[in-house]
Amino acid sequence: MRMYDIIMKKRNGHELSEEEISFAVQGFTDGSIPDYQISALMMAVYFQGMNEKETIALTMAMAHSGDLLDLSAVEGIKVDKHSTGGVGDKTSLVVGPMVAALGVPVAKMSGRGLGHTGGTIDKLESISGFQTTLSTENFIENVNKIHMSIVGQTANLAPADKKLYALRDVTATVDNLSLIASSIMSKKIASGADAIVLDVKTGSGAFMKTEKDAIDLAREMVKIGTGAGKDTIAVVSNMDQPLGNMVGNALEVKEAVETLNGNGPEDLMELSYVLGAYMLIAAGKADSLEEGMEKLRETIENKSALNKFREFIEAQGGDGAVVENTDLLPKASIVMDIISEEAGFIKRIDTSEIGMVSLILGGGRETKDSEIDLSVGIELKKKIGDRIEKEEVIATIYANDLERLKAARERLDLAYEISVTPVNKQQLVKWVISKNGAKKY
Ligand code: URA
């Protein structure tokens, strides 16, 4: 078999066989096929697409490109949650402690930022001392002891995805349905959870810009998960504006702590309750969405979720005192309010631009090896549908560098559209997709 022929076959719009896909994935993983040939194949896939059979073959080849994590030593039904990538999305930091406080084992492998979107691992690293790399033994021990551990993708868990993820990030081949579905599901299959709750984002800050594409992606992932013997459900949620008010690593941890303290923004709270309730149902700890949500609400009211977050941080070497004092998180040296030049109602927020502003400030990677600045970001003071007066603060920028601040500011101005007539608030949770089909929420 020759890689050249495989690239040409896909470029010309033909279906690849399981053997051809497996040959490419294995060769990429062991280094015998170079980055440039895989990049060319990814671009061919981007334009020609992959059918369901090919997507499943790619998922399975990547899932089996390294070790499969054996979680049989963890008691109970292990439920994982994964988002397709958003801006300001810190739900894992809220949902994880809530469901773990109710005894559901959360054994989660998370990612770093991808493109304009943030990643849970980068966010957690803004907590002083926090370790995102643990041995498998420690990881399992923590889940058994405190019901929660979140680590980065280990070197040998779906290593083909790890390499491909980094390559796609710099070759403009992230936002393709088959590539996203296989990337996420290969990790979920390799990391040993019994059930998976997926949060598929749609809108200007998502990789899937339209609701139809998001539903198609959700259906594909549910099919792959179910086919692999995992109880899988997907929620399609709105990413036409950032989730919550904070965008940026330490700022998002701060907002997660406030949320666990009962002072979170409404949208973050709502999505956390919905995703958490589906996790409880999958774990056999709730019979309905309403019952699940009620149980989760109690974990906020009685502070058991906040206490769980502290336990989790300390078990991974971090400074648990941040749950009482978020001033312990890294802080930017420059804080600048952005003032609205007109009065009206917020009509549109270009959410991928907000993600790019955070990246420009230093909060995301420009190259594979960039060091990121954990303290920078944006605080949104207004969301879609809100009234704004002339000269009222629309957003606050947190920065450490004047040049970057200037570039970020120019870009932020262009991300908002204000209307003189009232604008409706946006619906957050739109669809629920299970193996039985798609249902409006
Ligand atoms: N998250 C992933 O893990 N992979 C993708 O391709 C997109 C989001």
Should we say atom NZ of K303 is surrounded by more than 12 heavy atoms from elsewhere, each under 6.0 Å from it?
yes
CD1 (I338) and CD (E392) are apart, to the nearest 0.5 Å, by 14.0 Å
Looking at E18, I'd like to know if its CD atom is crowded, meaning that more than 12 non-hydrogen atoms belonging to other residues, nucleotides or ligands lie closer than 6.0 Å.
no
Pair E220 + K223, salt bridge at N-O below 4.0 Å:
no
Polar contact flag, side-chain donor to acceptor under 3.5 angstrom, D213-T202:
no
Here's one to test your reading of the geometry: is the NZ or CZ of K201 within 45 degrees of the ring axis of F207 and under 6.0 Å from its centre?
no
Taking everything shown except N325 itself, do over 12 heavy atoms lie less than 6.0 Å from its CG?
yes
Applying side chain to side chain contact (heavy atoms under 4.5 Å, CB included) between M185 and each of I56, T59, I180, report the one that passes.
T59
Less than 4.0 angstrom from a charged side-chain N to a carboxylate O is my criterion; do K10 and E54 meet it?
yes
Above 12 or not: heavy atoms from other molecules or residues under 6.0 Å from CD of E291?
yes
Can E301 and R297 be counted as an ion pair, charged N to O under 4.0 angstrom?
no
Does a salt bridge link D386 with K425, judged by any charged N lying under 4.0 Å from a carboxylate O?
yes
Centroid-centroid under 6.0 Å between F312 and F130 rings
yes
Ring of Y416, cation from R348 - is the NZ or CZ under 6.0 Å from the centre and inside 45° of the axis?
no
With a 4.5 Å cut-off on side-chain heavy atoms, are T299 and V99 touching?
no
Partner of Q316 under side chain to side chain contact (heavy atoms under 4.5 Å, CB included), picked from T132, N138, L134, is L134
Are R310 and E324 within salt-bridge range, i.e. N to O under 4.0 Å?
yes
Validation row: M62, L164 side chains within 4.5 angstrom (heavy atoms):
yes
Would you say the side chain of I300 lies within less than 4.5 Å of the side chain of L260, judging by non-hydrogen atoms?
yes
Can you confirm whether M279 sits close enough to V95 that some side-chain heavy atom of one is under 4.5 Å from a side-chain heavy atom of the other?
yes
Electrostatic pair E252:K254 at N-O distance under 4.0 angstrom
no
